[in-house]
Each structure stands twice: as structure tokens, then as C-alpha cells.
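Report on the structure given below.
In this text, all values refer to a predicted model and were calculated from it rather than measured experimentally.
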Amino acid sequence: MPLTLASLVHHSALKLTVRAGEDRLDVPVRWAHVSELADPVPYMEGGELLLITALKLDAEDPEVMRRYVKRLVGAGVVGLGFAVGVNYDEVPKALVDAAREEGLPLLEVPRRTPFLAISKAVSAAIAADQYRAVTAGFAAQRELTRQALSAGPEGLLAALAAQVDGWAALYDASGAVVAAAPEWAGRRAARLTADVERLRGRPAPATSVVGGSNGEGKGEDRVELHSLGTGRRPRAALAVGTAAPLGTAERYAVHSAIALLTLTTERSRSLHAAEQRIGAAVLRMLLAGQPDHARAVAGDLYGHLLDAPFRVIVAESASASAARAHADGHARVVTAQPTAAALAAAVDTDGDPLEGLVETVESAAARSGEAVLVVPEGEARIVILAADGGAAVAACLEYAPAVQAARAAAREQSATDEDELVVGMSAPAGPIAAAAAYKQAEQALSVARRRGRALVEHEELATGSVLPLLQDDAVRAFADGLLRALREHDATGRGDLVASLRAWLSHHGQWDAAAADLGVHRHTLRYRMRRVEEILGRSLDDPDVRMELWLALKATAAAGE
């Protein structure tokens with residue numbers, strides 16, 4: 001309990017008498033201060049019991065006392081102690097009236113009670129209150145630790161809510177509520193997602209205070225948000241809601257909870273690196289066609305992932321994709337085990353879209369109890385194995401387009417050139433077909449890169465059209481080179497070979513139908529096709545030649561030529 005004026009009045013050794021403000025004695029006292037200045041206000045901080053003898057005051061002048069007391073109240077002074085038997089034999093009526101008018105507690109201090117005794121009593125009471133708070137804080141720390149070890153984060157939150165006489169909630173890296181206590185607090189915590197997102201944008205450790213109705217008929221609450229984690233980006237957040245600002249003991253409890261939750265949510269670097277090495281080994285074995293060995297290595301960590309169809313997801317930042325834009329389309333097999341440094345470079349860089357993807361996928365998998373395998377490939381490329389139809393795949397499908405839209409809007413507003421995300425996703429596959437699924441993911445990634453899309457599923461390639469693939473610069477260059485001689489011939493005005501070739505190919509070599517479309521005699525069309533063969537030096541009877549010419553015509557048509 002904090003020290004109050006009532007506590008001092010009831011202190012038997014001080015013999016204080018209340019002369020005014022009897023109804024305000026429950027106000028806490030922060031300190032006792034002696035000042036004989038006519039205006040001590042500049043030296044007040046608020047919450048003090050001011051002790052005076054009126055050495056430099058005309059305490060019998062009503063107007064002087066009204067101004068004096070009014071300034072004290074305005075400065076936050078909680079009480080005034082007046083020593084009798086020094087300059088005045090009794091408390092002047094003008095001071096009593098002014099104190100009553102302003103509602104300031106006025107205490108009469110007898111001559112035999114020195115101001116030093118009051119100061120010592122205040123200091124001792126404050127020290128005792130602080131000791132009680134520290135002791136209660138240590139007891140809370142022991143209870144929180146016991147709950148964390150026996151019942152996990154849920155038990156810890158329940159204990160913390162009881163300690164602060166309020167509620168507590170834990171958020172994961174994506175800002176979703178993981179656990180809350182009491183049960184009703186989950187709904188209150190869910191409404192703070194935007195505040196948690198803003199907190200995650202600041203380097204850890206970070207704290208913010210928000211307020212608002214808790215929606216449960218309990219009035220206004222004050223909510224403290226604390227980021228959890230040791231890296232530059234928080235891995236989780238803690239919310240603590242109370243009806244009033246936290247006291248010293250409650251503050252100790254919150255700090256203990258932050259430390260314990262950080263230990264439970266932030267995995268050690270060595271453990272994280274070990275898991276990544278196991279994941280890389282599992283992936284290498286799957287891609288090498290050794291599913292049985294992969295199962296043996298996966299164990300309980302990733303074993304459940306291999307018991308049902310999964311998706312292979314390959315993701316890159318746009319800068320890495322640009323570097324690969326002209327590379328071949330063959331699948332690359334992971335040949336090196338990722339280190340903790342490689343993982344940090346891939347997923348712990350501010351503003352890196354791969355980091356957001358990994359956090360989103362892992363958080364979704366954790367909430368649904370799924371296993372997910374994440375393996376860095378270099379500094380700007382991630383390979384993910386996730387259960388088909390699971391929460392992790394769904395989160396990926398939602399996240400990539402959202403990033404693309406957000407980055408596009410940001411570029412329009414600020415003309416920034418931030419890294420974007422490019423993702424390719426395979427069709428559902430089992431361990432035996434993992435290598436084929438990896439190649440599918442890379443093919444989908446290549447198409448996403450060419451089309452300027454954030455994410456492409458391999459199923460789209462099977463059901464869609466090949467024509468968008470012809471928009472590649474290399475394909476258009478090939479088409480231009482193949483058709484250049486025909487276009488140069490047409491430019492001389494000696495015929496329309498390109499249009500005639502397009503009509504003939506579109507009608508599968510049917511002379512009459514193609515000639516009718518062109519409005520010429522079929523013999524004229526036959527002559528033009530012989531000229532095409534002569535100019536190109538290739539036979540139109542060859543199906544490969546016809547295919548290449550048709551694709552070249554389509555590629556140049558797509559380019560608007």
C-alpha cells in the first residue's frame with residue numbers, strides 16, 4: 001500500500017492534527033519537502049507534503065493565503081503541514097479558510113514534532129512500500145517461472161493476468177493471438193492487431209501504450225504492448241491490459257513475463273541452425289530420390305510432412321530473380337547445408353519480403369499444428385515444403401499477391417524500388433516425386449518472373465496457354481531474326497509473304513481456305529509459299545519448321561508488331 005496522508009495522521013509518534021481537507025487524506029504522498037519560500041512552486045514535482053513555519057509569509061492575510069494555497073494546489077502539492085509554536089502559536093484562520101476553500105489537506109504539526117521526524121516517517125514508509133513491491137515481484141517471478149515450466153505460455157499468461165488484476169495475451173510473429181487469459185481477453189486482444197503490427201515495425205525491444213473499451217462492460221482499460229525477441233525484428237508480442245497504470249510489483253511481474261516468454265518463443269541460434277541442417281538434409285535426400293532415407297532423417301521434426309501430399313514452394317526476391325532471368329530452366333539441387341548466418345541473411349533483414357513469407361508460413365503452420373520445412377538457398381532464395389491443403393500453403397497463396405499489391409502502391413506514392421517477391425508452387429506430390437515437384441516449382445517460378453506476377457502455381461501451366469511465355473525477350477529476338485528476311489522482302493512491295501504465311505499456317509496448309517482469306521488465287525499463294533522456302537532456305541513440309549514459324553508469328557504479334 002502506498003503512503004497516504006491518512007497514514008501519517010494515524011502515526012502515533014507524529015501527533016498530527018487535521019485542520020482542513022479531511023475528505024482527501026487518502027491521497028498518496030510521494031515525498032515530504034520543507035520550504036519557507038514565499039513561492040516554492042518552481043521546485044515542486046507534484047505529490048509532495050509541504051512543511052512550513054510561515055517564516056516569510058503573512059499567514060494572517062486572507063488574500064495572500066488564497067493566492068499561496070491556490071498555487072500549491074495547481075502544482076500538485078497533496079498536503080500542507082504547518083508547525084505551530086514557532087512563528088505562530090496556532091494555525092492562522094486565513095490559512096485554514098484558504099485550505100478549506102481549495103480542498104487542500106492542512107495538518108497541524110506540534111512544536112515537539114520536528115519536520116525531520118515527518119521526513120523520516122515518509123522515507124521509511126516509501127522504502128517499506130518499495131520493499132514490499134520488490135518482494136511481491138520476486139514472488140510473482142517464481143510463480144510465473146513455475147507456470148511457464150509446467151503449463152507453458154498459457155499458464156504463464158494466466159498467472160500474469162492474476163498478478164496485474166487484468167488480462168494478458170501473446171501474439172505470434174504475424175500478429176495473430178496465440179493465447180490469452182482470461183478467456184474473454186482473446187476478443188479484446190484481437191482488436192489490437194494493427195497496434196501490434198506497428199510495434200513489430202520498430203527494432204526490439206519496443207513498447208507502446210494503447211487504450212480503449214474492452215467491450216465486456218468493464219469500462220476503459222490501459223494496454224501495454226511489448227515486443228518479444230532478441231533480433232532486429234520481434235518474433236512475438238505481449239499485451240497486458242489493466243484498469244490503471246501498473247504499480248511497482250506489477251511492473252516486476254510484467255518484466256519477468258517478458259523475459260520468460262522471450263526464452264520460450266525465441267529459439268537459440270544453435271537449435272535453429274540444427275533444425276535447418278536437418279531440413280536441408282531431408283530435402284537433399286528427397287531430391288536425390290531417397291525417400292526412405294529422408295523419412296529416417298526427418299524423424300519427429302518433419303516426418304509427418306512426408307506422410308501426406310505436400311507442395312514444394314520456391315521463392316526469391318525480385319533482385320535474385322532478375323539475376324536468374326536468362327538462366328536455364330533446369331532444377332537446382334541443394335548441395336550445401338545452410339548455416340545460421342545464411343538463414344539470418346535470408347530471413348532476418350528489415351524489409352526483406354522473404355522474411356515476411358517465412359514468418360507468415362511458419363506462424364500459420366504453428367497455429368494449425370502442421371510441420372513445415374524451410375531451407376534457404378543462397379541469400380535471396382527459399383525452398384519450402386508444406387502440407388497440401390494446409391494452413392501454410394493457404395498463407396503463402398494469400399501473402400505473395402498481398403506483398404505485390406502493397407509494393408506496387410508504395411512505388412506509386414514514393415517511387416521506391418524495393419525488392420519484390422516471386423514465388424513458384426508445385427502441384428501436390430509425395431516423397432517419391434519430390435524431384436519432379438521441385439522442378440515444377442522452378443518452372444512456375446520462371447513463369448511468374450516472366451509474367452511479372454508474385455506467385456504462379458504449376459497447375460496454371462497445365463491448364464493455361466503457352467502464349468504468355470512467348471513474351472520473353474529472347475523468344476522475341478529469335479522470332480525477329482527468323483522473320484526478318486520475309487519482312488525485308490515485303491518492304492520492297494514485291495509481295496505479302498508474312499501475311500500469306502500466317503494465313504496458310506492458320507489453315508493447316510489448306511490452299512483454298514487460306515487463299516480465300518487473303519483474296520488471292522490458290523496458285524498465287526503456292527508461289528508465295530515457294531518464295532518463303534527459297535528466302536528462308538527451309539522446307540515448309542518439315543513440321544518443326546512450321547511450328548517455329550507459327551510461334552515466331554505469335555511472338556511478334558504479342559509484341560504488337
Side-chain angles (χ1 to χ4, degrees), residues 136-137 140-141 143-148 150-202 204-229 233-266 356 359-360 362-369 391 394-395 398-399 402:
Q141 184 181 53
E143 175 61 17
L144 291 173
T145 302
R146 187 181 70 82
Q147 290 293 337
S150 61
E154 293 80 3
L156 187 151
L157 292 177
L160 177 61
Q163 291 287 342
V164 300
D165 191 22
W167 61 270
L170 179 65
Y171 301 82
D172 64 12
S174 68
V177 179
V178 176
E183 185 177 352
W184 61 262
R187 296 187 293 275
R188 173 70 176 107
R191 292 196 290 272
L192 299 175
T193 300
D195 300 288
V196 174
E197 285 296 322
R198 285 191 289 271
L199 185 70
R200 290 180 64 246
R202 296 160 51 188
T207 301
S208 65
V209 177
V210 296
S213 175
N214 61 17
E216 301 296 328
K218 300 180 183 297
E220 297 290 319
D221 64 351
R222 175 184 183 275
V223 183
E224 286 191 6
L225 297 175
H226 301 270
S227 62
L228 304 175
R233 287 183 61 85
R235 297 192 65 87
L238 170 68
V240 180
T242 54
L246 298 175
T248 304
E250 291 83 2
R251 181 69 57 196
Y252 275 119
V254 170
H255 287 170
S256 298
I258 292 172
L260 291 168
L261 288 171
T262 297
L263 289 174
T264 58
T265 58
E266 183 80 10
E359 287 183 354
T360 300
E362 290 185 335
S363 297
R367 288 195 298 271
S368 62
E398 293 177 1
Y399 178 81

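Of all heavy-atom pairs spanning A181 and A161, the tightest one is O-CB, 3.7 Å. Heavy atoms only, all atoms of each residue included: A257 and L144 are closest at N-CD1, 4.0 Å. Residue A236 comes nearest to L170 through the heavy atom pair CB-CD1, 4.4 Å, listed as atom of the first residue, atom of the second, then distance.
Y171 places a side-chain N or O within donor-acceptor distance of the main-chain N or O of A189, the cut-off being under 3.5 Å. Between the side chain of T360 and the backbone N or O of A395 there is no donor-acceptor pair closer than 3.5 Å.
Remark: E143 CD to L156 CG distance equals 9.5 Å, nearest 0.5 Å. Within the model, atoms CG of L192 and CD of E197 stand 12.0 Å from one another, a figure rounded to the nearest 0.5 Å. Interatomic distance, D221 CG to R188 CZ, rounded to the nearest 0.5 Å: 4.0 Å. Here CG of L199 is found 5.0 Å from OG of S227. Values are rounded to the nearest 0.5 Å. Once rounded to the nearest 0.5 Å, the distance linking CD1 of I258 with CG of L160 reads 9.0 Å. Rounding to the nearest 0.5 Å gives a distance of 4.5 Å between CG of L260 and OG1 of T145.
Counting only heavy atoms from C-beta outward, the side chains of D165 and T242 never approach each other to under 4.5 Å. Side-chain contact between D195 and V223 is absent, with no heavy atoms from C-beta onward closer than 4.5 Å. Within the 4.5 Å cutoff, the side chain of L157 has heavy atoms near those of the L238 side chain.
Residues passing the side chain to side chain contact (heavy atoms under 4.5 Å, CB included) test with E224 are V209, R222, H226, L246, R251, sequence neighbours excluded.
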